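Please read the structure below before turning to the comments.
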Amino acid sequence: MELYELTVHEMSDFIKNRKVSAVELVQSVLDRINAIDEKIGSYITVLEEEALEQAKEVQERIDKGEAKSPLAGIPMALKDNICTKNVKTTCASKMLGSFIPPYDATVSKKLYNEGAVLLGKLNMDEFAMGASTENSYFKITRNPWDLERVPGGSSGGSAAAVAAGMAGFALGSDTGGSIRQPASFCGIVGMKPTYGAVSRFGLVAFASSMDQIGPLTKDVTDCAMVLNAITGYDPMDSTSADVKYPDYSKALINDVKGIRIGIPKEYIGDNTNLDVKKAVLDAAKTLKELGAQVAECSLPLTEYAIPAYYIISSAEASSNLARYDGIKYGYRAKEYTDLMDLYVRTRSEGFGVEVKRRILLGTYALSSGYYDQYYKKALQVRTLIKNAFNKVFEKYDVLLGPAAPTTAFKIGEKKEKPLEMYLGDIYTVSVNIAGLPALTIPCGFDGNNLPIGLQLIGKPFDESTLLRVGYTFEQNTEFHKKRAGI
């Protein structure tokens with residue numbers, strides 16, 4: 001087995017036991033990037049020299065006994081909407097094509113403090129708007145399992161990099177499923193933490209009330225390790241939750257006896273691909289055989305989640321993206337006649353089609369005369385969805401269903417059908433609307449040998465139970481061990 005194929009906990013053990021140095025480990029993953037990323041397109045920026053220098057410094061600290069974190073020396077990569085001081089952060093947009101932040105996001109700082117080594121910044125749908133990573137200004141990212149298919153989105157670059165061995169782990173952001181759906185499409189583990197559990201300071205905003213940073217990893221143990229490093233209260237983020245966070249590695253228990261699991265009947269509907277449905281129900285059966293209490297339940301407002309999500313998220317995007325005006329930073333149109341013309345030309349030239357679509361939708365929903373009809377109504381539906389989850393969690397500890405209704409679709413297949421693409425978020429957006437944690441783990445393969453993801457949804461700040469259920473499923477199946485054949 002090559003070094004780049006190892007999980008984070010295996011890499012950590014190798015470094016700890018002096019079987020390999022941080023420099024050798026980082027070099028192995030950089031070689032892998034150089035060998036295959038031309039085909040996949042995961043990275044926007046690769047920091048080869050800087051990563052090796054950083055690995056050398058971390059190894060010196062390890063040798064002195066100063067760097068004791070299990071993430072010390074581990075090669076990682078960040079989605080390109082997470083700010084990194086003196087390193088280009090583009091959001092995969094022409095608008096920020098040359099933007100170099102003067103500061104680090106809180107998660108970036110936390111990972112540096114743990115000794116993790118930054119390999120580079122990962123491709124994504126522009127400003128995190130999309131479900132296929134086809135909306136990047138720079139390139140299309142391809143799925144390592146089948147280069148003709150999408151890796152999911154908007155964190156497609158992050159998922160593809162981890163699945164193909166081009167990063168030990170990666171961070172993505174999830175506004176409506178943007179970590180969980182690509183994890184499902186690429187056959188890896190993805191966690192969307194509870195809203196407020198991971199600082200959003202330094203995450204370029206899309207929809208502030210739903211955005212959440214989370215890890216993409218090769219298995220559940222790695223997920224717990226990264227969560228330990230990135231969760232916690234941050235005074236720099238006004239929405240950060242000041243609660244006591246546990247040691248997530250203690251949740252890695254191979255036992256689900258007595259855990260109550262509900263399967264919302266709306267999540268196993270006619271829209272779900274038959275292979276996906278079978279894999280998810282087989283996973284539920286496995287957990288039941290292992291001692292969990294599994295029963296069908298109902299989330300009757302599921303059908304309203306997509307319209308509510310797209311109105312709220314587009315309204316917030318319209319507001320958040322108003323700052324890109326060609327004046328302060330980012331792209332500026334070269335030719336213009338006056339200030340208004342500068343604004344219009346800059347935004348017309350700087351944003352892609354999907355971003356413009358959502359700005360228009362959001363501005364319309366917020367406009368006088370339509371605010372009450374659309375935005376206010378969407379917020380009321382949000383409250384109802386949250387209440388429905390609270391009610392179902394009185395009976396169940398975890399909800400189980402698919403992460404996406406299909407496996408990875410072909411590149412170009414849905415690019416011109418935005419509504420069809422939006423409907424693919426049906427099982428993920430409710431989680432963001434309600435601010436809940438959710439975990440995606442591999443649970444099978446379809447007839448084309450494409451990965452299928454199982455989604456586990458938990459109560460607020462109960463990531464530990466999700467990790468426990470995910471870990472138990474993993475320990476009793478082999479799906480997580482299969483790697484893309486590229």
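This one's a predicted model, so the numbers in the text were calculated from it and none came from an experiment. Only heavy atoms go into these numbers, but all of them, side chains included; no hydrogens, no water, no symmetry mates.
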*asked:* Applying side-chain contact (heavy atoms from CB on, under 4.5 Å) to S21 and K56, what does each step give before you reach the verdict?
replied: CA-CA 9 Å; S21 71; K56 193 177 166 191; over 6 Å; no
*More than 12 heavy atoms of other groups within 6.0 Å of K328 NZ*: yes
*Checking salt bridge (charged side-chain N to carboxylate O under 4.0 Å, His left out) for the pair D325/R347: CA distance, chi angles, key distance, verdict?*
CA-CA 7 Å; D325 54 11; R347 291 169 69 79; over 6 Å; no
_Test log, rule salt bridge (charged side-chain N to carboxylate O under 4.0 Å, His left out), inputs D63 and R18_ = CA-CA 10 Å; D63 293 341; R18 314 275 178 187; 2.7 Å; yes
*Would you please indicate if the ring centroids of F351 and Y137 are separated by under 6.0 Å?*
no
*Member of T440, N432, T428 meeting the side chain to side chain donor-acceptor pair (under 3.5 Å) criterion with R180*: N432
*May I ask you to check whether Y267 and Y427 place their ring centres under 6.0 Å from each other?*
yes
*asked:* Quick check on side chain to side chain contact (heavy atoms under 4.5 Å, CB included): which of T7, V189, T472 does V220 satisfy it with?
replied: V189
*Test side chain to side chain donor-acceptor pair (under 3.5 Å) on S93 and E126 and set out the steps.*
CA-CA 5 Å; S93 177; E126 184 183 6; 2.6 Å; yes
*Are there more than 12 heavy atoms of other residues, nucleotides or ligands under 6.0 Å from atom NZ of K94?*
yes
*Report yes or no: do Y310 and D425 form a side-chain donor-acceptor pair below 3.5 Å?*
yes
*asked:* Please confirm whether the ring centroid of Y103 lies under 6.0 Å from the ring centroid of F201.
replied: yes
*Could you grab the distance from atom CG of L119 to atom CD of E48, nearest 0.5 Å is fine?*
9.5 Å
*Under the salt bridge (charged side-chain N to carboxylate O under 4.0 Å, His left out) criterion, do D255 and R468 qualify, and how do the steps go?*
CA-CA 7 Å; D255 179 20; R468 181 177 169 181; 3.6 Å; yes
*Begin from the C-alpha positions of D146 and R149 and carry the test salt bridge (charged side-chain N to carboxylate O under 4.0 Å, His left out) through to its verdict.*
CA-CA 6 Å; D146 180 349; R149 294 180 187 266; 3.0 Å; yes
*Does one side chain, of S108 or T84, offer a donor that lies under 3.5 Å from an acceptor on the other?*
no
*For K110, does the NZ atom sit with more than 12 other heavy atoms under 6.0 Å from it, leaving out its own atoms?*
yes
*Hey, is NZ on K356 packed in by over 12 heavy atoms from elsewhere, all under 6.0 Å?*
yes
*Does K121 make a cation-pi contact with Y43, if we ask for NZ or CZ under 6.0 Å from the ring centre and within 45° of the axis?*
no
